[in-house]
There are 2 protein chains.
Amino acid sequence: MRADARRNYDKILSTARIVFTERGTDASLDEIARRAGVGPGTLYRHFPTREALVDALMQDWTDRVSADADAAIATDLPAREMLSDWFEHFIEHITLHRGAASKIAAAMDDPASPMYRKCQVMADANRRVIDHLEARGELRPSVDPVNVMRLVSGVATVADSSCTDLDVTPMLDVVVDGIVAD
Amino acid sequence: MRADARRNYDKILSTARIVFTERGTDASLDEIARRAGVGPGTLYRHFPTREALVDALMQDWTDRVSADADAAIATDLPAREMLSDWFEHFIEHITLHRGAASKIAAAMDDPASPMYRKCQVMADANRRVIDHLEARGELRPSVDPVNVMRLVSGVATVADSSCTDLDVTPMLDVVVDGIVAD
DNA sequence: CGACTATACGGAGACTGTCTCCGCTTTTGC
DNA sequence: GCAAAAGCGGAGACAGTCTCCGTATAGTCG
């Protein structure tokens with residue numbers, strides 16, 4: 001990749017991070033291009049679709065989410081606490097940009113989405129937590145990690161799309177109660 | 001209201017029902033106007049926003065959802081079965097048009113939304129089911145109906161936005177396990 | 001029935017956002 | 001330096017939203 005291309009790529013990405021935070025993931029792509037000081041053509045060459053751009057921004061998240069999962073496991077807390085911690089961290093990350101949570105929830109079951117791979121990484125992180133607790137015998141029989149992932153993404157989506165600053169804890173409590181052993 | 005206005009209003013509504021079913025709730029409003037045989041101005045006079053149009057279509061649903069709740073209560077089934085039935089029916093209704101579930105989830109906590117009232121009716125229906133089971137002592141202590149509603153809407157949103165035809169049952173099972181008494 | 005008025009219609013067009021195409025510029029390798 | 005390759009950017013086609021206002025029509029009253 002040519003040096004100027006690399007520069008523009010990075011500039012677009014850092015601008016997108018700002019604009020998506022300000023206006024959510026539905027912000028105008030032309031505006032991002034303008035504020036990054038490049039033409040729309042340049043933006044679309046680097047990121048053919050909005051999803052591709054969101055996907056590129058997600059790289060940071062997936063790393064952090066993965067780390068959070070391992071950190072949660074390392075705490076060695078009881079199942080309830082560990083899950084609550086993990087779920088809350090996960091939601092915090094995927095709602096960083098308004099509208100991102102629903103895109104992630106949709107991409108999770110869509111292998112054609114550019115975000116699919118990243119979703120897999122996050123799903124893996126979740127699986128590690130679930131498997132760990134399963135091994136400790138603290139979960140109900142036949143808890144499906146993928147399913148849990150979908151459910152928690154749903155909670156994130158609701159919280160994200162609500163105009164009020166919704167507390168996710170009560171919803172997560174229900175989910176946690178639904179998967180830990182009695 | 002003038003007779004021709006009434007005619008157009010109804011025509012727009014029935015056309016919207018078709019187009020929203022075909023293309024989801026993001027379909028072009030001008031297309032709905034065109035297919036209804038009216039000018040865009042006429043559509044926007046009757047329904048100033050997309051939400052207002054979706055809201056008008058929702059009238060049928062709220063009635064049916066309300067009836068479903070009462071029907072579920074009348075079955076007198078055990079808590080798990082009753083809740084599963086009710087949740088599945090509810091989701092079936094609010095995912096009638098692609099994109100509707102997320103709009104409803106968002107409107108649920110937004111008194112400014114034109115759909116807010118309808119959401120209240122559905123939330124009331126849910127509250128009746130929960131309260132009934134609570135009275136029978138089959139639920140965990142302090143189950144919040146509003147919270148349950150949000151959670152189930154989240155499940156609906158995930159199912160609706162997934163490109164695959166996702167089965168909601170496993171997710172609902174977790175929710176049900178999370179609210180019924182051990 | 002004909003005239004009058006309030007009501008409603010509809011479509012042109014302003015505006016915004018998406019996305020492409022292609023003539024021009026910059027970088028890179030030699 | 002020079003040529004080729006790589007990349008730029010902005011004009012503009014296209015689609016959707018929404019408004020404004022000249023025109024048409026339903027309802028009303030003498």
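Lettering follows sequence order; numbering is per chain, from 1. These values consider heavy atoms only, across backbone and side chains, with no hydrogens, waters or symmetry-generated copies.
In this structure, the side chain of B:R140 engages the main chain of B:V180 through a donor-acceptor pair within 3.5 Å.
In this structure, CZ of B:F47 is placed 11 Å from P of C:dC9, rounded to the nearest angstrom. Atoms CG (B:L43) and P (C:dG11) sit 13 Å apart, rounded to a whole Å. Following rounding to the nearest Å, B:L53 (CG) and D:dT17 (C1') show an atom-to-atom distance of 14 Å. Per the geometry, CZ belonging to A:R23 stands 13 Å off P belonging to C:dT16, to the nearest Å. If you take CG of A:D10 and P of D:dG7, they are 14 Å apart, rounded to a whole angstrom.
Considering only side-chain N and O atoms, B:H46 lies nowhere under 4.0 angstrom from the phosphate OP1 or OP2 of C:dA8. Taking side-chain N and O atoms only, B:N8 has a distance below 4.0 Å to OP1 or OP2 of C:dC9.
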Footprint string (nucleotides 17-30 of chain C, 5' to 3'): B base within contact, S backbone only, - free, heavy atoms under 4.0 Å: SBBB-----BSS--
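Partners of A:D63 under the side-chain hydrogen bond (donor to acceptor under 3.5 Å, both in side chains) rule, at least two apart in sequence or in another chain, are A:Q59. Applying the side-chain contact (heavy atoms from CB on, under 4.5 Å) criterion to A:D85, with sequence neighbours excluded, gives A:L77.
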Evaluation steps, side-chain contact (heavy atoms from CB on, under 4.5 Å), between A:L29 and A:F47: CA-CA 10 Å; A:L29 297 184; A:F47 309 99; over 6 Å; no
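Aromatic ring orientation, A:Y9 versus A:H46: perpendicular (interplanar angle above 60°, classes split at 30° and 60°).
Annotation: the span from A:M58 atom CE to A:C119 atom SG amounts to 5.0 Å, rounded to 0.5 Å.
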